[in-house]
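Below: the structure, in structure tokens.
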There are 2 protein chains.
Amino acid sequence: MKILSLGMPSKVRLPLKSHTNTLWIPQLTLDCIILGFHQGQLRVLLLRWKGTQEWSLPGGPIRKDESIDAAAARVLKERTCLEQIYLKQYHVFGDLHRYDKSEIQEKLSHIIPREVWYDRAISIGYYALVDYSRVSPTPDVYTDECQWWDIHEVPPLLFDHNEMIAMALKALRMELHWQPVGYNLLPDQFTMPELQRLYETILGRTLDARNFYKKMLGLEILERLKERRRGGAYKAPYLYRFKKEAYEAKLKEGQLSFL
Amino acid sequence: MKILSLGMPSKVRLPLKSHTNTLWIPQLTLDCIILGFHQGQLRVLLLRWKGTQEWSLPGGPIRKDESIDAAAARVLKERTCLEQIYLKQYHVFGDLHRYDKSEIQEKLSHIIPREVWYDRAISIGYYALVDYSRVSPTPDVYTDECQWWDIHEVPPLLFDHNEMIAMALKALRMELHWQPVGYNLLPDQFTMPELQRLYETILGRTLDARNFYKKMLGLEILERLKERRRGGAYKAPYLYRFKKEAYEAKLKEGQLSFL
DNA sequence: ATATAATATGTAATTTTTACATAATGATAA
DNA sequence: TTATCATTATGTAAAAATTACATATTATAT
């Protein structure tokens, strides 16, 4: 039953008619907004289609013998080589005319024959929070390039993927209030200014450092290490680590409020 | 494009193989947790299968030519005769073994031939908030009865529908904080104690009346009418009404916090 | 040794939330 | 008609959370 780690022919990751009566659930896909944090930017992993300047999100159909969460984990693993990642289902995109099908057919005709696209597909949106430094961006057979983009600098994408990213960011902003988002987006060890910049970037506004320290430390889910981050310019900041047991306990009791 | 109001043969509302290559998207369904508030209870609309004591949620497959939101609205309309209702997509149930298929085949074999069930279906969960008093519960061709149940007294249901209700309630509790849930669940005119009981019921805890009045009136989205609710025993309470423009404006700016 | 720019921290004011008790009222019963 | 009743309506003080704000510290760079 564990398809997840087996991998799959990454050829098939599109809403194509050829999926009918095969391994794949027809007319249903998922798309994955893979988010990382680097240099004060929230970044999203995008793919560039072979021989084009067209970008879109990683995603694809769901196997008949895998759960949708496993399918999302599979897509994530194929593009990042990461497993056991925080993945959140946040919205289903099911409008009849989610995107201009003929435009897609046109732009990708040299890769995908026009006639194999479904008239219509429904897509389950997931976002993943990953440690940027551990990701190895990997294109698939349809694409030349897999690259991080600042979420605020994303170019016009194929399908309705710009909208998907916008909605994921909105959902993430909500989650920021009661989930330890930093735990998933930052490396195991991080500094308080890094965590603050993460919050500021996602929220789109600045925060007061003193109040931020107070708030985060008051949650009692952070542990300050003896070491400081060396190598940077100027005063070396302390390193912190999330206390996993502590925050999981508080999460369960719904006693976490980050903002 | 407006399939919504056309209605459809309500015969087909199951994840059945016969949907392949027809009007319906295969292996994908939706289920609808229709919620009303009555006599201090949060109630959910359930269907009883013909000739059985088995209950389950309203739902069914999605037409190839309707959006998923339109499909949910269609299901809702068929069971309640209501349109223009608040519907919220809250989770996709996509596990491989969401429910015991053979148990379903067995229990419903006198209604649905065993062989027509899909091996597996994925279901999009919606919940709807309706004005209880305006609902006309209507069974479909597979069911004898369509009835309200206290959400805390729901019997064991077919499929994974108990879990669906539990998760819908959880999602609703979150929404209660920043959405005017009372606007959708109560009649146009209502009293403050009614609104308070609604909140208490959904949250599962009591609230202080003075603080509740203060909070709700402080939001400046309620309008007190001159009339009071007559007919009840003892002191007649004032009637209130939501100021639609006011709360929509505040909702947009994210400036509503109900709790 | 000095300058630099980022880190680390405390206190007071404000706002929000919580706790708590009593008078008013309309319906009911005597 | 009056008294009783259960519910509605309301204010204030304490506690908690949030916001505003300024300075000493320190690792690095010069």
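Just so we're on the same page: letters track the sequence lines, and every chain starts at 1.
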Strictly below 4.0 Å, heavy-atom distances to any atom of DNA chain D: list the hits from residues 213-237 of chain B, or just say none. B/Y213, B/K214, B/R224, B/Y234, B/K235, B/P237

Checking the side chain of B/T138 only, and the main-chain atoms of B/S136 only, is there a donor and an acceptor separated by less than 3.5 Å? yes

Atom CE in A/M216, atom CZ in A/F242: separation rounded to 0.5 Å? 7.5 Å

Only one of A/V130, A/L172, A/L45 passes side chain to side chain contact (heavy atoms under 4.5 Å, CB included) with A/L35; say which it is. A/L172

Do other residues, nucleotides or ligands put more than 12 heavy atoms under 6.0 Å from A/R134 CZ? no

Would you classify A/R205 as touching base, sugar-phosphate or nothing, given that sugar-phosphate means primed atoms plus P, OP1 and OP2, and contacts are heavy atoms under 4.0 Å? nothing

Under 4.0 Å from any atom of DNA chain D, heavy atoms only: list the residues of residues 249-259 of chain B that qualify, in numerical order. none

Determine whether B/P155 and B/L46 make a side-chain contact, defined as any pair of heavy atoms from C-beta on separated by less than 4.5 Å. yes

Is the shortest side-chain heavy-atom distance between B/M192 and B/R224 below 4.5 Å? no

Just the rounded figure in Å: distance from P of D/dT10 to CZ of B/F212. 14 Å

With respect to A/I34, which candidate in A/L76, A/L87, A/L57 satisfies the side chain to side chain contact (heavy atoms under 4.5 Å, CB included) definition? A/L76

Nearest whole angstrom, please: distance from the C1' of D/dT8 to the CZ of B/F190. 16 Å

Find the distance A/L203:CG to D/dT18:P and express it as a whole number of Å. 14 Å

Mind checking which nucleotides bracket the chain B contacts on DNA chain C, 5' to 3', with an atom under 4.0 Å from a heavy atom? C/dT17 to C/dA27

Whether the side chain of B/Y90 engages the backbone of B/M164 through a donor-acceptor N/O pair (distance < 3.5 Å, no angle test) should be reported. yes

Could you walk me through whether B/Y199 and B/K215 satisfy the side chain to side chain contact (heavy atoms under 4.5 Å, CB included) test, starting with their C-alpha distance in whole Å, then the side-chain angles of each, then the deciding distance to 0.1 Å, before giving a yes or no? CA-CA 12 Å; B/Y199 274 77; B/K215 184 78 185 169; over 6 Å; no

Any donor-acceptor pair under 3.5 Å linking the side chain of B/D144 with the backbone of B/Q53? no

Would you compute the distance between atom CD of B/Q41 and atom CD of B/E153 and round it to the nearest 0.5 angstrom? 7.5 Å

Could you give the NE2-to-P distance, from A/H177 to D/dA17, as a whole number of Å? 18 Å

